[in-house]
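Report on the structure given below.
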Amino acid sequence: AGQRRCPECGSAALLEDSHYAQQQLVCEACGCVLAEGLLTTTYSEEEQLREVSYLQSTGQREQQSRCLQRGIRRVQDLCKVLQLPTVFEETAVSYFRRALQLPAFHLVSLEKKELLGGCCIFVTCRQHNWPLTMGTVCSLLYAKQELFAGVFQSLQQELGLSVPALSLVDLVKTHLSSFRLFQHGAEIPAPFVEDKEKLVARTLQIVELASETWLVTGRHPIPIVTAAAFLAWQSLQPAGRLACTLRRFCSLVGVDLPPPAHLRLKELLEILLRMASQLAWLRVFHVDKKTVVKHVGELLQHRLFLLKKAFCEEEEEQGAAAPGEGSLGEGPPPSGQTEQKQSCSSEGKHPCKAARRPLLPPCLLKPKKRLRTAAPSASDCALRGDEPISDSEVEQYLRTPEEIRALRQVRAWR
Amino acid sequence: FKDDASTNPQPFTSMNFYDVDLPSQTTEDVGLSSPFPQPRELSTDFSSVDLSFLPDVTQENKEQNLPGDGCEVQEELDGSMLRSKESGVFTEGGSSSHPEASCPYTDASGACPPLTPMTPLTPVTPASEGSKILPQLQNIVSTVNLACKLDLKYIALHARNAEYNPKRFAAVIMRIREPRTTALIFSSGKMVCTGAKSEEQSRLAARKHARVVQKLGFPARFLEFKIQNMVGSCDVKFPIRLETLFLAHRRFSSYEPELFPGLIYRMVKPRIVLLIFVSGKVVLTGAKERSEINEAFENIYPILKGFNKS
């Protein structure tokens, strides 16, 4: 083929350059644009040479291997960013390869293929009990969580993968390790610095308590961990830290404050307050939700016993002393026999019935007022489906000629 | 689990009796096997077993045995196997139920006659412990063919209860007050009717929608009316530990609190999807018949009750 020459200046120095992602053939000497090309298109539109944006393109025109290569490179980069072990990378890449061959993922948009890479990593981490949350992966991929959820569920189904539950213990350890709290720094005043092991241990205890008292089931795990970490941190040195709010704490440690965390904190404090009401020597202190933090250590120490005392199984009457202990009598109290006797005798005097409530998830304790659909009435049940339909009933749904005329006039103005 | 499979003398058929969707267990499960055995060898090949002394499955028998302890082998098999699977879960690993899987009979159900000595299955929850809760139908989706081309613009202009926005959706949305339902009417003449609370209501509603279309001047008929989906809900009245349920029934459940607060349980027989929430409310969907919803709930109730006791 002969060398193309610039029609303007006749120069042979032509080069391919891209201008805002559009390929162009440009003359080096005078800058004249000889030809414009299209970068990427979807499969059907590629056939007709119509333009489609990068993310919508299926990459079908490219060789399969290039699309696959790019996807694998992305997966590997993500693994490096997340600092995952090499065996995870290999597993995730193998999942990605397999998934891309399936018809369900072969022709999806490049946006979804990127999410697919993230999903493979997510599934791998879960299978190895590595606590990676969907939120983290989505933020790394700049992805919408609904789209991610869809791709994740299709991946699970297509490859037949079983994904174990997120381990809260591992999540606590990983989440807390990202906190900037363990060294004195410019922003972290000395009284705020905390020992990592102690904080992790206490947070784990509080999360376990939350799990036992129905605060974890069905809820997003991160807000609970954040609220628990905050409580744990406050309780380890209440003197200097009680004044610090949850919001300030999160901004100090460099972690996002998820909106539900405030609610989780409130629920945790309520549980702790109920437990505190059962500890004889705390009653004199008149603890409230601000001061109960000081006693979290003790409450956690006796939590098994306190939970049994503070919450009843059903809406049972709290009888006097021994006979009334039917609900508690499952097993012997694990600690503090003396405490039990003390609180029992004092319970006879104090009307602690009001303090006890059943141990239920919050959605059952505060049921939202919702219109309950009435159970089908007898007349509904007698319906056969082939009853006659009166003309008048049908005609109520038809417009009169006047209405139609009026409507036509209104629409004519539009 | 793998050891059990190798010691079992019966051939390991590839037919996946319970997990129709999932492929056979391969290395996809990274060393995490399900907590209960899959009695796959329990295929439908009963040629070697003498079934002559079983009562005939007549209409009366079927009706009597509806609550779930039918003597009909297949039904009982499914019911008891499902239940023994669950009880296998509670008894640490369930390997005890595995060798007994070769016997399709249980002697816990009173309706069956006593048999020649065969190893009994782990005892089945007797029917009298049935839940006594009936799921309430909340929504029925049905389709019908009006068998004539429709002018959607004309319908939207001449009917009071119709809305049509071609840029958003290519169908007319028509609502009627009694029964309170919504219909999607397409230009091809096909119609989808949603919102009814019973099969008969859905049929009546679809007929009313079709009558409106008829009155507008189209030669609408009423062909191939079919219930496509039924949704029911009920309340077991006690809270449920979804994490524990997920651990025990990994094969069937999907529990991602980051995505959705409920546990999604895909029951294989009947093929129903259940949404189980911590409050004890259960939503059942995917049924083509009311009996499937009731059966699914009767299957899940003992499982949920079992977790409540712990």
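All chains are named by letter (A, B, ...) in the order of the sequence lines, taking the proteins before the strands, and each is independently numbered beginning at 1.
Comment: B:R211 does not engage A:E393 in a salt bridge, judged by the lack of any side-chain N to carboxylate O separation of less than 4.0 angstrom. Note on A:D386 versus B:R207: no salt bridge recorded, every NZ/NE/NH1/NH2 to OD/OE distance being 4.0 Å or above.
At a 4.5 Å heavy-atom cutoff, the contact between A:L407 and chain B is made by side-chain atoms alone. The contact between B:R175 and chain A is made entirely by backbone atoms, counting heavy-atom distances below 4.5 Å. For chain A, the nearby part of B:E256 is the side chain; its heavy atoms alone come within less than 4.5 Å. Heavy-atom distances place both the backbone and the side chain of B:I176 under 4.5 Å from chain A. For A:F148, no part lies near chain B; criterion is any non-hydrogen pair under 4.5 Å. In this structure, the portions of B:L157 lying under 4.5 Å from any heavy atom of chain A include both its backbone and its side chain.
Ranked by heavy-atom pairs under 4.5 Å with chain B, the first of A:V394, A:T400, A:I222, A:I389 is A:I389. Listed options A:Q396, A:Q145, A:Q153 were ranked by heavy-atom pairs under 4.5 angstrom with chain B; first place goes to A:Q396. In terms of non-hydrogen atom pairs under 4.5 Å with chain B, the most contact-rich of A:H220, A:E395, A:E146 is A:H220.
Put simply, the side chain of B:V278 does not reach to within 4.5 Å of the side chain of A:R219, judged on heavy atoms. Side-chain atoms of A:R384 and B:L204, non-hydrogen and from C-beta on, never get closer than 4.5 Å to each other. A:S162 is listed as a side-chain neighbour of B:R250, based on a closest heavy-atom distance under 4.5 Å. Between A:L398 and B:H158, the closest side-chain pair of non-hydrogen atoms is not below 4.5 Å. Using a 4.5 Å heavy-atom threshold, the side chains of A:T217 and B:Y255 count as touching.
Among all heavy-atom pairs drawn from B:E178 and A:Y397, the shortest one is N-OH, 4.1 Å.
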Under the side chain to side chain contact (heavy atoms under 4.5 Å, CB included) criterion, do A:L168 and B:E243 qualify, and how do the steps go? CA-CA 11 Å; A:L168 266 183; B:E243 309 94 341; over 6 Å; no
